[in-house]
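Both counts, for ligands and for their atoms, begin at 1 and track the order of listing.
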Amino acid sequence: MNIAIVCYPTFGGSGVLATELGKALADKGHNIHFITYQQPVRLSHFHTNIFYHEVRVPTYPLFDYPPYETALSSTMVDVITNNNIQLLHVHYAIPHASAAYMAKQILAKEGIHIPVITTLHGTDITLVGRDKTYRPVVTFSMNESDILTAVSENLKEETYRNFAIEKDIEVIHNFVDVKRFNRKPVDAFKKLIAPNGEKIIVHASNFRKVKRVDDVVKTFLLINENIPSKLLLLGDGPERSLIEAEARKSNACDAIKFLGKQEQMEDILPIADLFLLTSEYESFGLAALEAMAAEVPVISTNAGGLPEIIINGNCGYMSTVGDVEEMSKNAMLILKDKVTHDRFKTNALTQAKKFDIGNIVPQYEKLYERLIVLSPAS
Ligand code: GMT
């Protein structure tokens, strides 16, 4: 199949998922055309079946706000027309679903029918999309997509709760390439971070308010009072400087390391003993799944779709949002002895395997086949 994928090219979960999906489909022989404003972060290697089309947004003194969506729709039209594209799959509704609708209408005038799939990822529904500034356009373009998918049951319910959706939403959970993350930890790297055998605790996010990274630090400080440990904070975003200032004030400042944005999560996660995710909401929690694939147990909140991937008391524990006391106690329950820790590690891997790339990508392929067969042009 010839498929165009539109996503955010940044470190966010939706862009990561979309890029990994495109790469997996290309490995299976499909031709994948990425349309984004920058090379996606996880698209660093050359692949014969992958094509990258950059959306250029020419500026003009009149434009206080350069019209990205117009440029995106025009690029979609160009890529679809010139590459025999059979299907357009957009990730994250804003503004990709409405740009796709516009492209679809333009192409229809030329007699080209292009089916559109919109995959909802989370904040496009739960935070940004609900804002009345965006809601009418988001609602309309979701309803106009040929197929709507959500990355968790919880996100599906949230979408129905918050928008007047007139069609089925199909749930296809996010996935992870287990064999890529399930690596042996590099001992030398581990020693460098934790020279005295301290436990290594990791958090990764875009440091937005919804992640409550301050709760990560609070939980860590409570753990560190009892179990010597180090906290690695991966990623960057608007809250980082605030969190850094808070961390500096604490008496365990030296134990907290800000590593910034990291592309090779599979090199870092295997050295972790525990992953912390204290978000106010996660539609899914791809970062937690990647940690589990690296055999790392997860301490998280029970928000959104997290209960769909984490089994409480088996591969991690979940608590009410903000309950840092309980989260730290649960973390210590896991870390207290090697036998318990090993059991949680093994369970984390077993659970991650249910979401392995090999189980999930065929679900998207089936959807594509269905849509292409239904398409009047084919
Ligand atoms: O977490 C973010 O803020 C980034 C965001 C995105 O769209 O890039 O992530 C969302 O999509 C991920 C991939 O589907 C999910 O794993 C995250 O849970 C979801 N984030 C939220 O719902 C806050």
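Using a 4.0 Å cut-off between charged nitrogen and carboxylate oxygen, E280 and R212 count as a salt-bridge pair. Under a 4.0 Å N-O distance rule, the pair K354/D356 does not qualify as a salt bridge.
If you chain together ILVMFWY residues whose side-chain heavy atoms come under 4.5 Å of each other, F140 ends up grouped with Y101.
Geometrically, R240 does not engage F258 in a cation-pi contact, judged by NZ or CZ lying under 6.0 Å from the ring centre and within 45° of the ring axis.
Here the two rings, on H121 and Y92, have centers that are 6.0 Å apart or farther.
Scanning all heavy atoms of the two residues, the minimum distance from S279 to A303 falls at O-CB, 3.9 Å.
Closer than 4.0 angstrom to ligand 1 by heavy atom are G12, G13, S14, Y92, H121, G122, T123, V151, N174, N206, K211, Y281, E282, S283, F284, G285, L286, sorted by chain and number.
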